[in-house]
Amino acid sequence: MIVFVFTLMTALSAFSSDGFINKYPAKIQKCITLFQNHPLVDDYKWMENSADHDLYIWRKNQNKQTREFVNPESMAFYIEAQQRFDDFQKKLQKKSLKEEKQEKKIVQNSNSGIQDESSLYQLKIEDVLETGMYSGALKRINIINRKNSQTVQSVLGNYTEILGWLDDNQYIYSHYRSKKIDQGNTPYIGVHKIEDDPIDDKILVDGEPGDFFYTYKNEGKLYLQYFKGQTRYFDINLLNPHTGELEQKISFGTETQPVGTGVEAGEYFHYHVDYAKKNYGAVTKYHIDTGKAQVLFEPKDFIVTSLKYIGENKYFFEGQRDGEGFVGFFEEGNINIIEGLENGNVWLKNIDEEKLELTWQSYGAIKQFEYHLGTKELKLVQYTPYPIEIESQKIHYTTPKGEKAFIWVTKRADVELTPETPLIAYGYGGWYHNEVPMFNHKNSLGWVERGGAFAVAAVPGSLAYGMSWNKMAKAHNRIVSFDYFAEAIKELIKRGYTSSEKVGILGNSNGGLLVAGTLMRHPKLIKAAVPRVGVYNLLDCNEKGLFWELGNPCNKSVFKKLIKISPLHNITQKDYPAVLVMTSEQDNITNPYDSYKLAANLQRYNTSGEPILLYTKKGGGHLDNAGSKRQVQDYIAITYAFFEKVLGLVKAQD
């Protein structure tokens with residue numbers, strides 16, 4: 001039974017020493033929901049209506065106050081640092097024609113997707129805003145008549161992917177839309193007829209909130225990988241593009257992780273790591289049409305993060321062992337690691353008959369390698385150090401419960417780590433992430449250049465040490481992640497690398513939840529916190545995509561455990577450190593209003609006088625690299641300018 005009680009009242013604002021911070025909304029609309037026989041009070045439920053004028057005004061003022069709080073010189077520096085890194089990357093190599101087209105945000109689509117039939121029309125996709133995955137930015141689909149090169153129609157769509165032509169005047173596409181404001185985005189596959197109103201498009205496949213579709217084509221067949229968010233089951237289906245009928249080919253369980261797809265001898269395969277019986281999983285090849293499975297190899301002490309077939313029963317893979325990344329081959333029943341590559345991120349740039357071209361991003365430089373398949377010789381062909389000299393070290397330590405864990409700490413080479421060093425600790429801890437800690441150069445290089453340190457901690461909930469490490473913090477046990485993140489910070493303080501007055505915590509998405517949860521349980525351990533695009537209400541039955549990861553609150557026993565760790569339900573009147581809550585109004589993964597409520601409640605109940613701020617990115621979506629270039633630059637610059645002011649980076653540097 002659900003009961004709502006509404007009471008309107010005016011509240012005074014809480015001020016810090018800055019005079020304008022912590023101004024929570026004057027509008028309080030009390031809502032009491034009787035859920036699982038427990039009354040849940042939400043004074044800011046009205047924030048779930050994104051069209052509410054009071055919300056618009058408050059958000060606008062919050063953005064203004066955040067900009068006024070941070071140092072303008074710091075903002076300018078971090079924007080310039082991002083641009084410098086962009087320029088640095090552009091100089092690494094000459095771009096291909098394809099890369100140049102992508103940079104201009106124009107993509108030419110092939111007509112051979114679903115059938116080989118040519119069309120009178122040509123499609124060009126233009127991103128209205130620069131985008132990343134889950135960006136939230138609009139795409140403009142320009143439909144051009146081939147005979148006269150005239151634009152027949154321009155269609156706007158959010159998160160749209162063109163799959164191909166259905167016939168000579170209809171194309172098929174995948175798309176995300178929001179059915180209801182409190183249910184997130186829903187995937188569907190539609191058909192658009194040229195010159196018809198998009199509102200009349202035929203819907204072939206309609207998903208549920210929290211679901212995801214991934215599509216790929218092979219030899220004219222269209223496959224749909226259906227990620228069922230509520231259960232985390234993966235189904236791979238053959239899609240009939242005319243009727244929308246789905247023929248199930250493979251169904252993967254919850255303890256599997258996709259690592260790639262590939263064509264072998266004309267047959268299409270899907271590669272997954274199955275963790276059901278092995279802690280580090282079994283790398284398994286599934287035939288896309290028959291579902292037949294073949295275990296390729298079973299790692300003993302490392303996680304496979306990606307796999308690519310490169311011919312003659314040989315597979316190239318990326319892996320992670322104890323917080324360090326590496327690459328290798330599996331061939332003829334043997335695992336061969338490519339030696340000579342220090343810890344970093346690698347991607348396979350090109351394959352030919354004789355060699356692989358690898359790009360390796362380490363903590364100190366970007367390197368281009370050639371690996372000769374015959375001689376197994378690794379050759380460095382280009383070495384490009386970063387604009388400043390940085391160094392990283394991996395710290396091994398033992399948790400209070402006896403598990404081994406690691407932290408990567410990065411700093412400028414000439415900076416000595418002391419209790420006065422401003423340090424940002426980053427964590428994630430969830431969703432089967434493999435968590436090879438990597439320093440995010442574009443975002444964090446400016447922070448390190450100014451003299452700060454940046455640490456990345458392995459947190460339970462990830463796959464850093466296999467499925468056992470993941471299960472430690474599964475569902476209502478996510479509290480383990482919060483406490484282990486705190487233990488990593490305590491380890492850094494114990495070693496004299498920073499102090500509670502100089503440490504801040506940062507996390508995105510699930511990392512936002514990690515930061516908020518750590519903030520609730522260990523407020524005196526840190527000086528500053530920046531939770532970004534997180535889920536902070538763990539009792540929302542509409543968040544079906546979170547059920548397999550965090551538990552279903554509609555289950556009474558799960559509810560009793562989740563209410564103890566849900567950040568929005570554990571804010572009390574006490575001293576909190578400085579907090580900057582960050583979100584994006586077009587986030588299609590987590591509800592922005594969770595962030596609004598978190599900021600408003602912290603402002604209302606904080607007694608420390610430390611600033612509690614909210615910043616909402618106007619465009620873009622879930623990821624920090626989503627939105628227009630200026631929006632992205634501001635979002636990142638505000639993050640580090642906030643840490644700089646609160647942690648006293650400039651003062652420490654002087």
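The structure presented is a predicted model; accordingly, all values stated were derived computationally and were not measured.
- How far CG of L580 is from CD1 of I612: 10.0 Å, rounded to the nearest 0.5 Å.
- Looking at K27 and D52, their side chains come closer than 4.5 Å, going by heavy atoms from C-beta outward.
- Geometrically, K617 engages Y635 in a cation-pi contact, judged by NZ or CZ lying under 6.0 Å from the ring centre and within 45° of the ring axis.
- With L598 as reference, V581 is the one residue of V581, L519, L614, N537 to meet the side-chain contact (heavy atoms from CB on, under 4.5 Å) rule.
- Shortest non-hydrogen contact noted between L463 and N470 is CD2-CB, 3.9 Å.
- Rounding to the nearest 0.5 angstrom, the gap separating the CD1 atom in I479 from the CZ atom in R521 is 3.5 Å.
- Screening residues 458-468 for salt bridge (charged side-chain N to carboxylate O under 4.0 Å, His left out), with sequence neighbours left out, gives no hits.
- N37 has its side chain within reach of K556: a pair of non-hydrogen atoms, C-beta onward, lies under 4.5 Å apart.
- Ring pair W58/Y596 is perpendicular by interplanar angle, where above 60° counts as perpendicular and below 30° as parallel.
- At distances below 3.5 Å, at least one donor-acceptor pair connects side-chain atoms of N510 with backbone N or O atoms of G429.
- Between Y465 and W469, the ring planes are perpendicular. Angles over 60° get that label, and only those under 30° would be called parallel.
- Rounded to the nearest 0.5 Å, atoms NZ (K561) and OG (S566) are 16.0 Å apart.
- Panel note: side chain K30, backbone D43; no donor-acceptor pair is recorded below 3.5 Å.
- Under 3.5 Å, the side chains of Y615 and R67 contain a donor-acceptor pair of N or O atoms.
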Chi angles and distances behind the salt bridge (Lys or Arg N to Asp or Glu O under 4.0 Å) call for D575, K524: CA-CA 8 Å; D575 288 355; K524 295 182 180 180; over 6 Å; no
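- Residue L525 comes nearest to S500 through the heavy atom pair O-OG, 3.0 Å, listed as atom of the first residue, atom of the second, then distance.
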Intermediate values then yes/no, side chain to side chain contact (heavy atoms under 4.5 Å, CB included), T421 and Y497: CA-CA 7 Å; T421 303; Y497 292 169; over 6 Å; no
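- Of the possible donor and acceptor atoms, one in the side chain of W408 sits under 3.5 Å from a partner among the backbone N and O of G323.
- D42 contributes no side-chain N or O that, together with a main-chain N or O of C31, makes up a donor-acceptor pair within less than 3.5 Å.
- Between the S481 side chain and the V459 main chain, no donor and acceptor come within less than 3.5 Å of each other.
- At distances below 3.5 Å, not a single donor-acceptor pair connects side-chain atoms of T498 with backbone N or O atoms of I493.
- For the pair L550/V558, no side-chain contact is recorded, criterion being any heavy-atom separation below 4.5 Å from C-beta on.
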Test side chain to side chain contact (heavy atoms under 4.5 Å, CB included) applied to T639 and M582, step by step: CA-CA 9 Å; T639 301; M582 304 187 76; 3.2 Å; yes
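- Between L539 and L40, some side-chain heavy-atom pair lies under the 4.5 Å cut-off.
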Test log, rule side chain to side chain contact (heavy atoms under 4.5 Å, CB included), inputs R478 and I565: CA-CA 8 Å; R478 186 50 55 90; I565 65 171; 4.2 Å; yes
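- Side-chain contact check for V456 versus Y428: every heavy-atom pair is 4.5 Å or farther apart.
- A distance of 8.0 Å separates OG in S557 from NZ in K560, rounded to the nearest 0.5 Å.
- Atom-to-atom distance recorded for Y44:OH and L55:CG is 12.0 Å, nearest 0.5 angstrom.
- No cation-pi contact links K574 to Y605, judged by a cut-off of 6.0 Å to the six-membered ring centre and 45° from its axis.
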Worked check of side chain to side chain contact (heavy atoms under 4.5 Å, CB included) between N606 and V579: CA-CA 10 Å; N606 180 34; V579 180; over 6 Å; no
Verdict with reasoning, E644 to R450, per salt bridge (Lys or Arg N to Asp or Glu O under 4.0 Å): CA-CA 9 Å; E644 180 174 298; R450 297 280 258 199; 3.1 Å; yes
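- When all heavy atoms of T583 and P592 are compared, the closest pair comes out as OG1-CA, 3.6 Å.
- Of the inter-residue distances, the one linking Y78 atom OH with D634 atom CG reads 14.5 Å to the nearest 0.5 angstrom.
- Formation of a donor-acceptor pair under 3.5 Å by the N63 side chain with backbone atoms of T616 is found in this model.
- E403 pairs by the salt bridge (charged side-chain N to carboxylate O under 4.0 Å, His left out) definition with nothing, not counting sequence neighbours.
- A side-chain donor-acceptor contact under 3.5 Å links Q603 to the backbone of Y24.
- Nearest heavy-atom pair, F643 versus I505, reported as atom, atom and distance to 0.1 Å: CZ-O, 3.4 Å.
- Using a 3.5 Å distance cut-off with no hydrogens or angles, the side chains of Y536 and T590 do not pair a donor with an acceptor.
- Counting non-hydrogen atoms of other residues, nucleotides and ligands closer than 6.0 Å to NZ of K394 gives a total above 12.
- For T66 (side chain) and Q62 (main-chain N/O), a donor-acceptor pair under 3.5 Å exists by modelled atom type.
- Here the closest heavy-atom approach between residue A464 and residue A458 is recorded as CB-CB, 4.3 Å.
- In this view, E487 and K490 satisfy the salt bridge (charged side-chain N to carboxylate O under 4.0 Å, His left out) rule, not counting sequence neighbours.
- R532 places no side-chain N or O within donor-acceptor distance of the main-chain N or O of G512, the cut-off being under 3.5 Å.
- Of all non-hydrogen atoms in I489 and I526, the two that sit nearest each other are CD1-CG2, 4.2 Å.
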